[in-house]
Amino acid sequence: MAQRSITREGIEVHRFSIIAALVIPLFALFLQASLPLRFTFFSIFDLPLLVTIFFAVARRNPLAGTLTGFIIGLVQDSLTYQHQPIGLFGISKTIIGYLASSIGVKIDVENPGSRLLMTFGFYLLHRGIYQALRNMVRMPIEFNWGHELGAALANALLAVALFMVLDRYKQRN
Amino acid sequence: MDNFFTRYRNETVLFGILFLQVIALATQVRVSDAGGFTGDPNISGRSSSTRLIRVWAVAVISPFQKLSVNSGSGVRNLWGKYVGLIHVRDENARLQEQLNELRLQQTRLQQDADQGRRLQALLAFKEQYVEKTIAAQVIGTSGTDLSRVIYIDRGYRDGVEAGMAVITPDGIVGKISRADRSTSQVLLITDQLSGAGVLLERLRLNGILKGTQSGSPEVLNVMADEKIEVGDKVITTGGDRVYPKGLAVGTVINVAPDRERDPFLSIRVKPAVNLGHLEEVLVVTQLSERSNAVADATVPIRAADMLAQRLPSAKKKTEEDGKKTESPEQSGAKPLTNETTNTTSPKPVAKAVSQPSKPAEKTKESPR
């Protein structure tokens, strides 16, 4: 399972077993692709994004965060419409993975309040980057602030609960 | 130099990965002459081939989705077959009543349909029929509102191909955008990149259905002076060569001037199918085009006789000509030759009467 070490700044750094690192993102992708079939409202959640943030923050390693976001984003891209270019989610989540792990080094992101705020902000940033990329590839989509703020809040609340569950996979020395 | 990369290793990797993705993105996207991206591979010039990463991703996820859907169906079946039968007797009686009413209604509709077919035969009208469908189970989605696609458990080994229409008894769902071996991707009519030729049933107005971000597709290209009302039914035209003609698309829920396209209306439509709760769908694997002369063969009435009933002015002359030309093998539309009709009726009628001779010979179905 995961291992914990302490950085020079005194912040905990966690590791995950290969199985957890593979199964958790895959399971998140599976749920994201399956649950909206039965529960339409679930499509406002972005489980792959939450998992990206969780791994990036827990590892506190920008390199690992970048790669995690990159891979999860690419797989998510692969499930979208056939003629939609691959890389839109990839780029968005790569940046989020990097930023989340960088923030994780500097501030405490273990308590629910900071997790809520952090996820809220990252969700909006992720949507902003995605929107900009869609415009860049000339596939503009509508951006509804009310909807996005609501979705950001819903994701932030889910993140607080989800991260508590996923914390179990971080092993303490 | 070595120090630089060591010091800025994270940033270097970040920008390297971003750079690679941006380049990859740029190589995938082609824009049309108008400067915009279109989802139609023919318009945007992209090939219809599938990127391997998509095949891999679906291959990894879909077995679990199938397992999940099938196990869910098992539990529902168990419930439905044994536990949910409590009120079945009452329901059966109610359904029987409904069936009787529907039988009466069907008789009336059958008469109307027969009449419509005969008239269409007169005009050598060809109609598209759904010839063959296969049922498929919905196993997954893209998981995001930003790309409204679903996955079904049928692929090219079952005869599914890209471009085929996907429907339910309630109406149209979307079209196949990619067929893998045992799964296919369906682009829903609510996706922003989808489109369909539609008709506002009450006013017989043509338009184009486009998906939107909100999930309520809109009908474009309808002029602002048309009297569209909330509740108007929208059906397919068949003109897009994807969806068969006459299938339900949805109902108008909002009509407003289109701000971006000034003289036109923006007509929001609620899809006839509940796309949020799809379980089983039908893929139209074969369409056929038939002329309605088939109907003439089953109804013992000559086209000329029917025309005479409908157009009394043509009756007398047609009967006279019928005497001149009729022979035992000349039944149905055959007696009505160009020559005959031209001498007996004004031009528009002659045109309508002379045409059935063609479809009468082409009664075989011709799959597209």
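Basis for what follows: all heavy atoms, side chains included, without hydrogens, waters or symmetry-related copies. Per chain, numbering begins at 1; letters A, B, ... match sequence-line order.
- Atom-to-atom distance recorded for B:T144:OG1 and A:L47:CG is 12.0 Å, nearest 0.5 angstrom.
- For the residue pair B:Q65 and A:S34, the shortest heavy atom distance occurs at CG-OG, 3.4 Å.
- Only the backbone of A:D77 comes within less than 4.5 Å of a heavy atom in chain B; its side chain stays farther off.
- Contact annotation for A:F41: neither backbone nor side-chain heavy atoms come within less than 4.5 Å of a heavy atom of chain B.
- Counting heavy-atom pairs closer than 4.5 Å to chain B, the top residue among A:T66, A:L133, A:T80 is A:T80.
- The shortest heavy-atom contact between A:R134 and B:L146 is NH1-O, 3.5 Å.
- More than 12 heavy-atom neighbours from other residues, nucleotides or ligands sit within 6.0 angstrom of CZ on A:R38.
- Comparing B:V149, B:L25, B:V138 by how many heavy-atom pairs each has under 4.5 Å with chain A, the most go to B:L25.
- In this structure, B:Q28 contributes its side chain and A:P85 its backbone to no donor-acceptor pair below 3.5 Å.
- Ranked by heavy-atom pairs shorter than 4.5 Å toward chain A, the options B:S147, B:S62, B:A57 are led by B:S147.
- Put simply, the side chain of B:T141 gets close to the backbone of A:A33: a donor and an acceptor are under 3.5 Å apart.
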>> Pair B:L18, A:I95 - check side-chain contact (heavy atoms from CB on, under 4.5 Å), show working.
In response: CA-CA 8 Å; B:L18 288 180; A:I95 296 171; 3.8 Å; yes
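- For B:K270, the NZ atom counts as loosely surrounded, since its 6.0 Å shell holds 12 or fewer non-hydrogen atoms of other residues, nucleotides or ligands.
- Residue B:L14 touches chain A through both its backbone and its side chain, counting heavy-atom pairs closer than 4.5 Å.
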>> Assess the residue pair A:L79 and B:Y151 against the criterion (side-chain contact (heavy atoms from CB on, under 4.5 Å)); give the C-alpha distance rounded to whole Å, side-chain angles, the decisive distance to 0.1 Å, and a yes or no.
In response: CA-CA 9 Å; A:L79 295 172; B:Y151 287 87; 4.2 Å; yes
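- Using a 4.5 Å cut-off between heavy atoms, A:F42 makes no contact with chain B at all.
- Side chain of B:R54 to backbone of A:Y81: a donor-acceptor contact under 3.5 angstrom is found.
- In this structure, the side chains of B:Q21 and A:L74 come closer than 4.5 Å at one or more pairs of heavy atoms.
- Here A:S78 is the residue among A:G73, A:G87, A:S78 with the most heavy-atom pairs under 4.5 Å with chain B.
- A:P140 touches chain B through its backbone: at least one of N, CA, C or O sits under 4.5 Å from a heavy atom, while the side chain does not.
- For a residue to count as touching a neighbouring chain, one of its non-hydrogen atoms must lie under 4.5 Å from one of that chain's; by this rule B:V22 touches chain A with backbone and side chain alike.
- Heavy atoms of B:S68 lying under 4.5 Å from chain A belong exclusively to its side chain.
- The backbone N or O of A:L63 sits nowhere less than 3.5 Å from a side-chain atom of B:R9 that would complete a donor-acceptor pair.
- Contacts of A:L31 with chain B are absent, with no heavy-atom separation under 4.5 Å from either backbone or side chain.
- Note: A:L37 leads A:T94, A:L29, A:L37 in heavy-atom pairs under 4.5 Å with chain B.
- In this structure, the portion of A:Y98 lying under 4.5 Å from any heavy atom of chain B is its side chain and not its backbone.
- Chain B forms more heavy-atom pairs under 4.5 Å with one residue of A:G97, A:G69, A:P62, A:G65 than with any other, namely A:P62.
- To the nearest 0.5 angstrom, A:L26 atom CG is 7.5 Å from B:F64 atom CZ.
- Residue B:L275: no heavy atom, backbone or side chain, is found under 4.5 Å from chain A.
- Residue B:I61 holds its CD1 atom at 11.0 Å from CZ of A:F27, rounded to the nearest 0.5 Å.
- Heavy atoms closer than 4.5 Å to chain A are found in the side chain of B:Q185, but not in its backbone.
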